[in-house]
There are 2 protein chains.
Amino acid sequence: MSRQQTQQKIMDAAESLFAETGFNDTSLRQITSQADVNLAAVNYHFGSKKALIQAVLQRYLQVVMPRLNDEFEQLLARQSATQLMDVLAVFVRPLLELNQVKPQGTTLFLQLLGRGYTDAQGHLRRFISQHYGSVLNKFVLLVQQSCPRLDAAEIFWRLHFSLGTIVFTMASSEALFDIAEADFHEQSDIESVIRRLLPYLTAGISADIIRPEQLDTLTDASN
Amino acid sequence: MSRQQTQQKIMDAAESLFAETGFNDTSLRQITSQADVNLAAVNYHFGSKKALIQAVLQRYLQVVMPRLNDEFEQLLARQSATQLMDVLAVFVRPLLELNQVKPQGTTLFLQLLGRGYTDAQGHLRRFISQHYGSVLNKFVLLVQQSCPRLDAAEIFWRLHFSLGTIVFTMASSEALFDIAEADFHEQSDIESVIRRLLPYLTAGISADIIRPEQLDTLTDASN
DNA sequence: TCCAGTTTCAAACGTTCGTTTGAAATGTAC
DNA sequence: GTACATTTCAAACGAACGTTTGAAACTGGA
């Protein structure tokens, strides 16, 4: 068996198990068993479990991030500010194209992203901001241009709120799909969820800032 | 040392470690070491690690859930539908009161909630819907009344989007607090985050449904 | 003071984990 | 076909895990 074949079999098995059970709760014995290779193959081909995790994530990031970078640069080159929903919609196509790279690629990648952000404390956040910080900065700049009312701190928080929505939804997407199909008899796939996400995120990010007296009224005991 | 003292020392140490590192990545040896009790104490007093996790979560759920139930029933008893933000604001006071029960109680509980929803696959979701399903149903009903435009499926997804926002934000709140303080020199605490969350969630949940032709335009290659 | 009941303690149990090892098998170039 | 490098394989390593054990230490009432 060629070097590439074995490495790919391992990564294919690893990513589906990682997405389903998380990184720490997936053992190398599960991975090598499902990939039908010897236990030692992971350490031989990748060096360590940690390196395998990075390789699995990088396989997708390498495809998605340059695409996003191009799109963001095009929008930044325009004269006028872009509508917020158009900025967010930039993510849709590059993400859905991962389904062509690999069956269920989009779902797998987003689930892995969710696991990476919640499992290993901050490792993925550091990795992405180190390797793809410039791409994310362009995205933040576009959001700021589309929401001139909001200061940088407000946008920071709202973008992380949105990241939480995406990452959590995808990490538990299997369970949510099952519930949605059982309760509402609707065919749920990744594309329909993204369709639902866009207006939600757009409205949330561009929401009016709450006035202090409003909040006091809301949380006041006398009300 | 009394039975209660030991149990409380274990739970106090456990919850902070669980919140920081997650359930599976926190060992009983870490917990008993930080609590300054013998390793066997956990199994003696709680039976198993799994039972300890449930006890830690129940300590907060027992306080919060009845309070929420009362508030929801009061709102349901009104004649007219409640504004969405007022429905969401119901959560604020019961959650913040956990800080009186215990220092950092609010943050700890929300972090534990985040861990529970992402760590153990679906265990917490099942536990909460079994024990507190009626409370959640009242909340969903209130949201439906405040957003009559939205069908049940749309509300289901948007409420889970919102759950993701809260749970993810809290699970990584330490890191976010640090970044926010470093970049924006703002004092970040749990209350200020909740202040920022309310308008975001309200706008997201009550967002206009996107029209199909809008989405096609957004994701169309020719645009 | 003594005793039954409760709680603590050090030690060990059996598993599982990621990793390493050295020999066997396979592939490649001459 | 031989010599060399690469890859696979079964086996074992040490470490860490949750749990169990039985004796020791403590407790409060008779």
Side-chain angles (χ1 to χ4, degrees), chain A residues 1-59 112 115-116 118-124 127, chain B residues 1-59 112 115-116 118-124 127:
Chain A
M1 209 168 356
S2 79
R3 174 183 213 88
Q4 276 196 355
Q5 276 179 334
T6 304
Q7 290 188 353
Q8 188 167 322
K9 282 207 302 182
I10 291 174
M11 291 174 73
D12 288 347
E15 70 175 5
S16 74
L17 286 169
F18 284 154
E20 195 173 348
T21 331
F23 296 115
N24 289 351
D25 292 352
T26 301
S27 69
L28 293 185
R29 284 167 176 82
Q30 288 177 269
I31 295 171
T32 53
S33 165
Q34 178 161 321
D36 199 33
V37 300
N38 187 269
L39 167 62
V42 169
N43 288 278
Y44 176 76
H45 285 284
F46 295 92
S48 67
K49 183 183 180 180
K50 199 171 191 170
L52 171 61
I53 296 175
Q54 289 198 357
V56 165
L57 284 168
Q58 270 285 57
R59 186 159 61 152
L112 291 172
R115 295 293 181 183
T118 53
D119 269 30
Q121 65 281 15
H123 285 177
L124 181 61
F127 180 84
Chain B
M1 207 169 354
S2 78
R3 174 185 213 87
Q4 277 195 354
Q5 277 178 335
T6 304
Q7 290 187 355
Q8 189 167 320
K9 283 207 301 183
I10 292 174
M11 290 174 75
D12 287 348
E15 70 176 3
S16 73
L17 286 169
F18 284 154
E20 197 174 345
T21 331
F23 297 114
N24 288 352
D25 292 352
T26 301
S27 70
L28 293 185
R29 285 169 176 81
Q30 288 177 270
I31 295 170
T32 53
S33 165
Q34 178 161 321
D36 199 32
V37 299
N38 187 270
L39 168 62
V42 168
N43 289 279
Y44 176 75
H45 285 283
F46 294 91
S48 67
K49 183 182 181 181
K50 199 170 189 172
L52 171 62
I53 295 175
Q54 289 197 357
V56 166
L57 283 169
Q58 271 286 55
R59 187 158 61 152
L112 291 172
R115 295 294 182 183
T118 53
D119 268 30
Q121 63 282 14
H123 285 179
L124 182 60
F127 180 84

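Fair warning: this is a prediction, and the values are worked out from it, not measured in the lab. Residue numbers start from 1 in every chain, and the chains themselves are labelled A, B, ... in the order their sequence lines are given, proteins ahead of strands. Both backbone and side-chain heavy atoms feed into the values below; hydrogens, waters and symmetry mates do not.
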(request) If a protein heavy atom is under 4.0 Å from the base, mark B; if only from the sugar-phosphate, S; if neither, -; do that for nucleotides 10-21 of chain D going 5' to 3'. (result) B-B----BBBBB
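- One can place CD1 of I10(B) at 13 Å from C1' of dC9(C), the figure rounded to the nearest angstrom.
- Residues satisfying the side-chain hydrogen bond (donor to acceptor under 3.5 Å, both in side chains) test with S16(A), not counting sequence neighbours, are Q34(A).
- In this entry the distance linking CZ of F46(A) with P of dT19(C) reads 13 Å, nearest Å.
- The bend of the helix from dT1(C)-dA30(D) to dC30(C)-dG1(D), defined by the angle between the axes of its first five and last five pairs, stands at 0° to the nearest 10°.
- The side-chain hydrogen bond (donor to acceptor under 3.5 Å, both in side chains) check on T26(B) picks up nothing, with sequence neighbours excluded.
- Whole-Å rounding puts the Q5(A) CD to dG27(C) C1' distance at 13 Å.
- Applying the salt bridge (Lys or Arg N to Asp or Glu O under 4.0 Å) test to every pair with at least one member in residues 38-59 of chain B, sequence neighbours left out, gives these pairs: D12(B)-R59(B), E15(B)-R59(B).
- Annotation: salt bridge (Lys or Arg N to Asp or Glu O under 4.0 Å) contacts involving residues 22-33 of chain A, sequence neighbours excluded, are absent.
- In this model, the phosphate group of dT8(C) is approached by a side-chain N or O of H45(B) to a distance below 4.0 Å at OP1 or OP2.
- In this structure the side chain of I53(B) never reaches within 4.5 angstrom of the side chain of V56(B), judged on heavy atoms.
- A search for ring pair (Phe, Tyr, Trp, His ring centres under 6.0 Å) contacts involving F23(A) returns F18(A), not counting sequence neighbours.
- Judged as a ring pair (Phe, Tyr, Trp, His ring centres under 6.0 Å), and not counting sequence neighbours, the contacts of F127(A) are H131(A).
- The ring-ring contact (aromatic ring centres under 6.0 Å, His included) pairs that include a residue from residues 32-53 of chain A number zero, where partners must be two or more places apart or lie in different chains.
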